[in-house]
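One structure below.
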There are 2 protein chains.
Amino acid sequence: MLLLKELPTAKSLEKFAARYPGTNVRAISDFVSMLRACADISQALDRLLAKHGLLQGRWWMLVLLMRQDDLTSSPTDLAAKAGVTKASITGFIDGLEREGLVIRLPDPTDRRKYLIRLTAAGLQKLDETIPDYNSKVDALMSSLGEPERDEMLRSLKTLVENLELMR
Amino acid sequence: MLLLKELPTAKSLEKFAARYPGTNVRAISDFVSMLRACADISQALDRLLAKHGLLQGRWWMLVLLMRQDDLTSSPTDLAAKAGVTKASITGFIDGLEREGLVIRLPDPTDRRKYLIRLTAAGLQKLDETIPDYNSKVDALMSSLGEPERDEMLRSLKTLVENLELMR
DNA sequence: TGTTTATATTATGGTGCCTAATTAAATAGA
DNA sequence: TCTATTTAATTAGGCACCATAATATAAACA
């Protein structure tokens with residue numbers, strides 16, 4: 001999460017370039033602006049979810065479970081799909097279970113495993129949150145025309161595909 | 001930070017739309033793709049900074065200090081510029097001071113205040129990190145042509161200006 | 001002078017991650 | 001069959017990043 005409310009001014013960028021010759025001022029400025037925008041958008045999502053008593057971590061767990069036909073998944077599977085360790089999943093599940101949104105069920109075919117299933121309360125939480133999420137996301141994304149949106153996503157995709165350049 | 005390595009499939013979006021009629025599938029899909037890209041880019045920055053023993057929090061603090069003519073700022077000022085509380089700044093300063101990258105100096109004009117100043121070691125840390133940061137950010141951003149970059153930033157700016165639609 | 005305001009810190013806690021060690025169960029191989 | 005390995009999940013412990021509330025101190029104001 002970017003920690004700079006104040007984007008660099010032309011003056012501070014000049015100073016930067018003076019100390020570090022060869023700086024591509026435009027690249028730096030654009031990069032920071034991009035991060036700033038991303039952080040603002042993510043924060044707006046946080047606020048939306050907070051209205052429904054959720055946080056991004058819990059929210060994405062619920063979304064992953066909802067994607068499953070039987071509303072059920074395993075910690076290992078969730079870890080893979082979320083890109084975090086299984087130990088981290090344990091924590092998320094603990095929180096969601098405490099709130100009654102999911103339950104741990106023993107896997108009948110393998111006693112090492114658990115099945116994490118969305119409860120009725122969990123589904124209700126989604127039913128309460130998702131219409132709001134849908135309409136707000138729609139409203140936001142509609143502030144861009146279709147061609148601009150496509151172009152933006154294509155550009156972001158290009159950047160992501162070139163992230164090895166940051167290595 | 002987005003927790004979905006796996007973006008929604010066409011099938012899961014269909015299912016979503018079936019349960020929540022009126023869903024703008026494109027809006028949701030685009031929104032999640034955008035967050036995914038943002039998270040990936042931010043993570044790439046984390047990795048770059050980690051090579052130099054830094055993390056985003058500490059890094060942006062150092063950058064804010066470097067912007068000042070005398071390499072000096074106050075906790076209140078840093079808090080405002082970073083968009084976090086003063087209590088949070090105390091923690092960042094503690095860490096940076098422990099590593100010798102900044103020092104707390106009493107403000108001669110107001111005994112409630114401290115001046116946070118970048119030390120020689122702090123400046124050296126920046127001198128070691130920034131050339132790498134510059135070249136990597138330049139390389140990444142150069143994967144987009146200038147018009148695409150401008151368009152992308154304009155689109156992101158439009159979204160940020162319309163974030164009140166998420167309220 | 002006495003009250004209000006401003007500065008910074010401490011105390012405390014929540015969220016989101018991690019690694020390493022552990023427990024338990026399944027599986028593969030001699 | 002029995003042992004060794006692998007797999008699943010958790011626990012323990014810790015770090016980073018943030019917040020709120022309470023506190024101590026000092027400045028400003030009326």
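Note that this is a predicted model, so its numbers are computed, not measured. The chains referred to below are lettered A, B, ... by the order of the sequence lines, with proteins before strands, and numbering in each begins at 1.
- Annotation: disulfide (SG to SG under 2.5 Å) contacts involving residues 23-134 of chain B, sequence neighbours excluded, comprise A:Cys38-B:Cys38.
- The salt bridge (charged side-chain N to carboxylate O under 4.0 Å, His left out) check on A:Asp132 picks up A:Lys51, A:Lys136, with sequence neighbours excluded.
- Of the residues in residues 100-113 of chain B, those with a non-hydrogen atom less than 4.0 angstrom from any atom of DNA chain D are B:Asp110, B:Arg111, B:Arg112.
- Residue pairs meeting the ring pair (Phe, Tyr, Trp, His ring centres under 6.0 Å) criterion with at least one partner in residues 124-167 of chain B, sequence neighbours excluded, are B:Trp59-B:Tyr133.
- Residue pairs meeting the salt bridge (charged side-chain N to carboxylate O under 4.0 Å, His left out) criterion with at least one member in residues 27-37 of chain B, sequence neighbours excluded, are A:Arg149-B:Asp30, B:Arg26-B:Asp30, B:Arg36-B:Asp40.
- The span of DNA chain C lying next to chain A, judged by atoms under 4.0 Å from heavy atoms, is bounded 5' to 3' by C:dT15 to C:dA26.
- Shown here are the side chain to side chain contact (heavy atoms under 4.5 Å, CB included) partners of A:Glu128, two or more places apart in sequence or in another chain: A:His52, A:Lys125.
- With sequence neighbours left out, A:Glu99 forms a salt bridge (charged side-chain N to carboxylate O under 4.0 Å, His left out) with A:Arg58.
- Applying the salt bridge (charged side-chain N to carboxylate O under 4.0 Å, His left out) test to A:Lys15 and every residue at least two apart in sequence or in another chain returns nothing.
- Note on residues 129-167 of chain B: no pairs pass disulfide (SG to SG under 2.5 Å), not counting sequence neighbours.
- Judged purely by distance below 3.5 Å, without hydrogens or angles, the side chains of B:Thr158 and A:Glu148 never pair a donor atom with an acceptor atom.
- Residues from residues 44-68 of chain B placing a heavy atom under 4.0 Å of any atom in DNA chain C do not occur.
- Of the possible polar contacts, one joining the B:Ser142 side chain to the B:Asp138 backbone as a donor-acceptor pair under 3.5 Å is found.
- Between A:Asp127 and B:Arg19 a salt bridge is recorded (basic side-chain N to carboxylate O distance below 4.0 Å).
- Of the residues in residues 75-98 of chain A, those with a non-hydrogen atom less than 4.0 angstrom from any atom of DNA chain D are A:Pro75, A:Thr76, A:Lys86, A:Ala87, A:Thr90.
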